[in-house]
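Okay, structure first, notes after.
Throughout, protein chains are lettered first and strands after them, A, B, ... in sequence-line order, and every chain is numbered starting at 1. We use all heavy atoms of the structure for the numbers below, so side chains are in, but hydrogens, waters and symmetry mates are not.
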Number of protein chains: 2
Amino acid sequence: MTLEEVARRAGVSPSTVSRILNGTARVREGKRKAVERAIADLDYHPNVMARGLAGGRSMSVGVITQDIASPFFNEALKGIEDSLARAGYAPLFVSGHWNASKETERMALLVARRVDGIIVLTGMIDDATLLTHAQRMPIVVTGRSLQGPGLFSISLANEQAGYDATRHLIELGHTRIAHIAGPEITADARDRLAGYRRALTEAGLPVDERLIAFGDFHETGGLLAINHLLESRLNFTGLFAANDQMAYGARLALYRKGIRVPEDVSLIGFDDLPSSLYTTPPLTSVRQPAYDLGKIAGEAMLRLIQGQPIPVTDLPLQIIVRESTLRRRG
Amino acid sequence: MTLEEVARRAGVSPSTVSRILNGTARVREGKRKAVERAIADLDYHPNVMARGLAGGRSMSVGVITQDIASPFFNEALKGIEDSLARAGYAPLFVSGHWNASKETERMALLVARRVDGIIVLTGMIDDATLLTHAQRMPIVVTGRSLQGPGLFSISLANEQAGYDATRHLIELGHTRIAHIAGPEITADARDRLAGYRRALTEAGLPVDERLIAFGDFHETGGLLAINHLLESRLNFTGLFAANDQMAYGARLALYRKGIRVPEDVSLIGFDDLPSSLYTTPPLTSVRQPAYDLGKIAGEAMLRLIQGQPIPVTDLPLQIIVRESTLRRRG
DNA sequence: CTGTTAGCGCTTTCAT
DNA sequence: ATGAAAGCGCTAACAG
């Protein structure tokens with residue numbers, strides 16, 4: 001089934017069919033009807049590649065994640081898929097594996113595929129490279145605030161959220177609060193750590209550097225960090241992990257040592273992954289609206305492609321209090 | 001940068017460049033060198049769409065999952081991405097949302113995008129439809145065993161694994177074993193349930209239908225199922241959940257009632273999600289090699305496209321014993 | 001409003 | 001072994 005056959009069957013020219021398909025120009029009602037019937041009769045679906053070649057658009061947008069199998073990114077991907085699908089665009093997912101050079105390579109792959117735009121979910125690529133790419137095609141990037149033509153960034157208030165999380169523990173009476181930070185190279189991790197420091201300082205509490213451990217944003221990282229803290233015989237009653245996965249690992253490490261959550265240690269995570277509702281005990285966490293983030297990124301991309309202005313949307317981070325944090329005893 | 005410019009720069013015809021790019025024919029060493037230099041100098045990347053239009057191949061394969069954000073599917077997607085990327089193919093992911101009609105619709109979308117093949121991860125589409133599609137393009141389907149030209153299926157021994165899981169509990173001395181099954185419409189769920197029944201029967205234990213609850217393969221389903229069982233005042237010391245997510249929900253429900261795992265109830269899941277290593281206690285589960293499954297599916301697709309024979313590979317399901325199951329006391 | 005005419009960048013006969 | 005030429009299916013000026 002080709003557009004030409006549709007045209008023949010409807011008794012019009014190919015251009016007319018194209019116009020109707022794309023809404024490029026007004027067409028007389030009669031012809032439109034005829035074409036629509038022909039399309040239905042023939043079960044015609046435009047060839048996306050031919051369209052792309054001729055029109056210069058591929059109807060696909062590239063999405064760079066760090067790890068396609070990470071629960072946090074996944075929620076975002078779902079949001080992206082949903083928003084893009086509505087406009088007939090298909091997402092092309094690639095993983096950067098937390099590696100700047102691999103990420104650059106994947107980006108080249110997307111460019112070769114002539115994607116109409118690229119959404120970068122918390123990438124490691126530097127700002128300058130991004131800005132350069134933005135000159136050739138629309139870019140939406142999350143996790144940093146960047147200004148530039150053809151580029152839209154969605155940043156979340158990580159510092160403030162890190163502050164709030166720590167503050168939550170302080171308000172529960174905790175004074176010895178440890179922090180498992182994420183990799184120092186990621187801006188998110190640095191901001192959350194900065195928030196932690198500010199909350200402590202503002203409350204007049206000392207910042208004990210030995211209470212700060214670094215993890216890899218995975219469960220193992222949390223586990224190792226806690227084991228390390230415990231071996232150093234440092235005590236603490238509050239613990240703020242820079243993401244939920246590390247909180248899970250930390251929780252297991254505590255369980256192994258017979259330290260109870262929340263009775264002995266209050267634990268707060270970050271991300272509020274869907275699974276955090278079902279840990280034992282259910283985890284208190286800073287909710288990052290991952291799905292919404294993806295959806296907004298997708299919609300922004302669509303607007304960018306069409307040259308429309310993008311409305312500013314607020315993505316509030318909020319603390320979801322569950323059962324892993326408790327007022328300090330005594 | 002187009003192929004023509006490369007040809008001009010290398011002093012050859014476009015066809016020659018094309019031949020070198022695709023390895024379609026032997027080309028004299030001198031010209032090949034010249035072309036390769038031109039490609040490097042110009043940083044040329046073939047236009048995938050033009051290629052697709054002319055050659056009839058899109059260098060992309062469609063992947064239908066039920067839920068792009070489910071941890072199990074995700075591991076598989078990662079495997080698919082890895083195997084496909086090596087051959088220059090890109091996966092196009094779509095979600096069927098456990099809904100047969102939506103799945104059919106998504107399939108049509110993939111066909112319209114002229115994918116070179118479709119991988120169906122445990123879909124709900126009926127066998128006949130799949131066989132029909134297989135006549136037009138390569139299909140790889142997991143979770144069922146189906147024979148046909150242009151079609152390759154990878155099935156896992158779900159019944160046997162269900163049997164093994166139940167058997168594990170029986171061997172630990174449990175006689176009252178409950179089962180949280182998945183949706184009856186899915187073959188996986190039915191098979192696991194059948195294995196559960198067989199293990200009980202073979203061991204001479206009665207199959208108490210009241211001890212079988214159905215869930216939706218999500219955490220909520222497990223939680224609800226256990227609440228239901230508990231309200232009916234049925235007692236049991238062993239529990240087999242048809243997937244890990246439902247096991248998580250069940251574990252929380254038990255925690256809420258003050259029933260300890262594994263001291264009071266031994267719990268075994270299915271899938272062995274990465275996160276099951278970090279639950280409290282770490283979950284005993286039947287390991288489904290999701291990543292390998294994806295990888296094998298991707299490789300099979302590549303072979304199918306190239307008309308090569310597909311080697312039979314065995315995907316063993318095995319029980320990973322952790323700390324959520326224990327010998328029955330007393 | 002609508003048809004005609006060029007391509008988009010590449011692959012693939014068909015000659016040579 | 002290699003070049004010339006004819007499309008793949010569609011969009012986008014350009015004329016009416």
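Contacts between chain B and DNA chain D, taken as any atom within less than 4.0 angstrom of a protein heavy atom, begin and end at D/dA1 to D/dG9. On the nucleic acid side, DNA chain C contacts chain B at distances under 4.0 Å to non-hydrogen atoms, with the end points of that region at C/dG9 to C/dT13.
Between A/Arg32 and A/Glu36 there is a salt bridge, since at least one side-chain N of the basic residue sits less than 4.0 Å from a carboxylate O of the acidic one. With respect to the salt-bridge test (charged N to carboxylate O, under 4.0 angstrom), the residues B/Glu5 and B/Arg9 do not qualify.
Each of A/Thr2 and B/Lys31 was assigned the nucleotide of DNA chain D with the nearest heavy atom; the assignment lying further toward the 5' end belongs to B/Lys31.
Residues satisfying the salt bridge (charged side-chain N to carboxylate O under 4.0 Å, His left out) criterion with A/Lys295, sequence neighbours excluded, are absent altogether. In this structure, B/Asp271 has no salt bridge (charged side-chain N to carboxylate O under 4.0 Å, His left out) partners at least two apart in sequence or on a different chain. Not counting sequence neighbours, B/Arg57 has no partner by the salt bridge (charged side-chain N to carboxylate O under 4.0 Å, His left out) test. Remark: B/Tyr291 pairs with B/Asp82 by the side chain to side chain donor-acceptor pair (under 3.5 Å) rule, at least two apart or across chains.
A salt bridge (charged side-chain N to carboxylate O under 4.0 Å, His left out) check over residues 138-152 of chain B, counting only residues at least two apart or in different chains, returns the pairs B/Asp127-B/Arg144. Within the structure, the salt bridge (charged side-chain N to carboxylate O under 4.0 Å, His left out) test picks out no pair touching residues 16-26 of chain B (sequence neighbours left out).
Using a 4.5 Å heavy-atom threshold, the side chains of B/Leu130 and B/Met107 count as touching.
Around CD of B/Glu4, the count of heavy atoms belonging to other residues, nucleotides or ligands within 6.0 Å does not exceed 12. The environment of CD in B/Gln147 is sparse: at most 12 heavy-atom neighbours from other residues, nucleotides or ligands sit within 6.0 Å.
Between its opening and closing five pairs, the helix from C/dC1-D/dG16 to C/dT16-D/dA1 changes axis direction by 30°, a value rounded to 10 degrees.
There is a side-chain donor-acceptor pair under 3.5 Å between B/Thr16 and B/Ser13. In summary, the side chains of B/Asn99 and B/Arg106 do not present any donor paired with an acceptor at a separation below 3.5 Å, with no hydrogens or angles considered.
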Could you walk me through whether B/Phe73 and B/Gln66 pass side chain to side chain contact (heavy atoms under 4.5 Å, CB included), step by step?
CA-CA 8 Å; B/Phe73 284 120; B/Gln66 291 314 318; 3.6 Å; yes
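Shown for residues 9-30 of chain B: residues whose heavy atoms fall under 4.0 angstrom of DNA chain C, namely B/Ser15, B/Ser18, B/Arg19, B/Asn22. At a non-hydrogen distance threshold of 4.0 Å, A/Leu53, A/Ala54 from residues 36-61 of chain A come into contact with DNA chain C.
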Could you list the donor-acceptor pairs under 3.5 angstrom formed between side-chain atoms of residues 110-123 of chain B and any protein atom two or more places apart in sequence or on another chain?
{"unit_1": "B/Arg113", "atom_1": "NH1", "unit_2": "A/Met59", "atom_2": "O", "d": "3.4"}
{"unit_1": "B/Arg113", "atom_1": "NH2", "unit_2": "A/Met59", "atom_2": "O", "d": "2.6"}
{"unit_1": "B/Arg113", "atom_1": "NH2", "unit_2": "A/Gly88", "atom_2": "O", "d": "3.2"}
{"unit_1": "B/Arg114", "atom_1": "NH1", "unit_2": "B/Ala112", "atom_2": "O", "d": "3.0"}
{"unit_1": "B/Asp116", "atom_1": "OD1", "unit_2": "B/Ser58", "atom_2": "N", "d": "2.9"}
{"unit_1": "B/Asp116", "atom_1": "OD1", "unit_2": "B/Ser58", "atom_2": "OG", "d": "3.4"}
{"unit_1": "B/Asp116", "atom_1": "OD2", "unit_2": "B/Ser58", "atom_2": "N", "d": "3.1"}
{"unit_1": "B/Asp116", "atom_1": "OD2", "unit_2": "B/Met59", "atom_2": "N", "d": "2.7"}
{"unit_1": "B/Thr122", "atom_1": "OG1", "unit_2": "B/Thr142", "atom_2": "OG1", "d": "3.4"}

